[in-house]
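Scroll down for the structure; my scribbles are underneath it.
Start at 1 and go down the list; that is how both ligands and their atoms are numbered. Small disclaimer: the values here were computed from a predicted structure and weren't measured.
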Amino acid sequence: MSTTEDSRARIKWVSQNHALVAYGDAKISVMAPGLTFAALVFEGFRAYWNEDQEELLIFRLDDHLKRLQFSMALLELDDPPSSEVLAQDILATLRANEFREDSYIRLQVYVDDWGSMTATSPTGSTVICRPRPRAAVFEAGQTFVTSSWTRNAENASPPRIKASANYLNSRLAGLEAKRQGAGGAVILNQNGTIAEGPGGCLFLMRDGVFLTPDVNSGILESITRQTILEMAGDLGIETAERPLGRTELYLAEEAFYCGTGQEIGPVTAFDGRPVGTGEPGPLTRRLQARFDDIVRGRHPGHGHWLTPVYNG
Ligand code: PMP
């Protein structure tokens, strides 16, 4: 059984419309605008198991819920659920499944039932939690290729919101990269500068400074990216947010891809050209180590980013 199948088999309960139901019983209408017109916004969260505290810690729950409120506002739902209600749904779902290991939570809010492209009700929501260990690329790194697809534009299908409709663009780039045997894609925006990858943001190091595309480069306002910028500041690692040219990929001394799913995944080559030595770099490793300490509650001063599931 693959890891995905294994974790699927372990999902007993999900939350749908703020009530726990058996996973197999959670259904949406085949005519729901959330499905027919992708009128759906979502969030992905990680929760980390802390063995010493025997506690599951959700990372930056409030910040993810705040971003979801922004995404929901753009969807113009009549009756968007509050962050308080959604936080309770997440806690209830994790507790019902009794996960005591690293887990992933997907929260989605959509237009349910039946309706036109501009339907704004009724609102449906689901919370699905599953065990999800750290990806192997955290250690090994992966190669990236530049996509021939252009990032969806702010004035067309805004990447700043986490809408499932945006992931067609990501999927096209991801499939192209996969055909080429690469782990990920660098997607350029309409200006020809670097936006992000299909499901995460990019950092490149030049002259010892970690550079990342600014928030107007066609990216999701990533919570991991923001965490890294803050962590780097604490570690005395210089960073800058600015438009990044494609050629800068090939000058990078170190690079990584980041997001809730991949956490911090070193990039070892762009378009077949090795990044630095072709091995994950030392400053990337330092950031990974600090990140791991923070998300597992081992680093002082970051407790406000962690929501305990069982003893909260
Ligand atoms: N960009 C895209 C397109 C994503 O799907 C994700 C994953 N949510 C990210 C960036 C990273 O965002 P975050 O760090 O908030 O998970």
Taking 4.0 angstrom as the limit and counting only heavy atoms of [X], give me the atoms of ligand 1 inside it, by number and element.
X	answer
E196	1 (N), 2 (C), 3 (C), 10 (C)
Y167	2 (C), 3 (C), 4 (C), 5 (O)
P198	3 (C)

Can you list the steps and then say if E54 with R100 is a salt bridge (Lys or Arg N to Asp or Glu O under 4.0 Å)? CA-CA 8 Å; E54 298 213 337; R100 298 169 74 81; 3.5 Å; yes
May I ask you to identify the nearest protein heavy atom to atom 16 (O) of ligand 1, giving residue, atom name and distance to one decimal place in Å?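 For this ligand atom, the closest protein heavy atom is T260 OG1, 2.6 Å.
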Using the salt bridge (Lys or Arg N to Asp or Glu O under 4.0 Å) definition, which of the options E263, E230, E196, E241 pairs with R225?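 Between R225 and the candidates, salt bridge (Lys or Arg N to Asp or Glu O under 4.0 Å) is satisfied uniquely by E241.
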K162 heavy atom under 4.0 Å from ligand 1: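 Heavy atoms of K162 do come under 4.0 Å of ligand 1.
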Does ligand 1 have an atom that lies less than 4.0 angstrom from a heavy atom of G200?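 In this structure, G200 qualifies as a contact of ligand 1 - some heavy atom is under 4.0 Å.
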cation_pi(R160, F70) dist<6.0 Å, angle<=45: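 Verdict for F70: no cation-pi partner in R160.
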Polar proximity ligand 1 side, R225 side, N/O cut 3.5 Å exclusive: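 Such a contact does not occur with ligand 1.
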When only distance counts, is I223 in polar contact with ligand 1, meaning an N/O pair under 3.5 Å?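 It does: an N or O of I223 is found under 3.5 Å from an N or O of ligand 1.
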Checking side-chain polar atoms at under 3.5 Å, does S147 have a donor or acceptor matched by the opposite partner on E176?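 There is such a pair (donor and acceptor under 3.5 Å, judged by atom type) between the side chains of S147 and E176.
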Can you confirm whether the side chains of E154 and N216 place a donor and an acceptor under 3.5 Å from each other?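 Result is no, nothing qualifies.
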Would you mind telling me if ligand 1 is within reach of the side chain of E221, the backbone, both or neither, using heavy atoms under 4.0 Å?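 For E221, there is no contact with ligand 1 at all, from either part.
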Counting only heavy atoms, which portion of R151 has something under 4.0 Å from ligand 1: side chain, backbone, both, or neither?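 Side chain only.
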Which of these, G218, G199, G259, has its nearest heavy atom closest to atom 6 (C) of ligand 1?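 It is G199 that holds the nearest heavy atom.
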For atom 15 (O) of ligand 1, which candidate among Q226, R67, R60 provides the closest heavy atom?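 Nearest heavy atom to atom 15 (O) of ligand 1 lies in R67.
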Fit a plane to each ring of H304 and H302, take the angle between them on a 0 to 90° scale, and name the class: parallel (under 30°), tilted (30 to 60°) or perpendicular (over 60°).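 Rings of H304 and H302: parallel, as their planes differ by under 30°.
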State whether the side chain of S29 and the backbone N or O of W114 hold a donor-acceptor pair below 3.5 Å, judged by distance alone.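 No, because the side chain of S29 does not come within donor-acceptor range (under 3.5 Å) of the backbone of W114.
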Would F291 and F256 satisfy ring pair (Phe, Tyr, Trp, His ring centres under 6.0 Å), going step by step from the backbone distance to the final call? CA-CA 13 Å; F291 184 80; F256 60 83; 9.8 Å; no
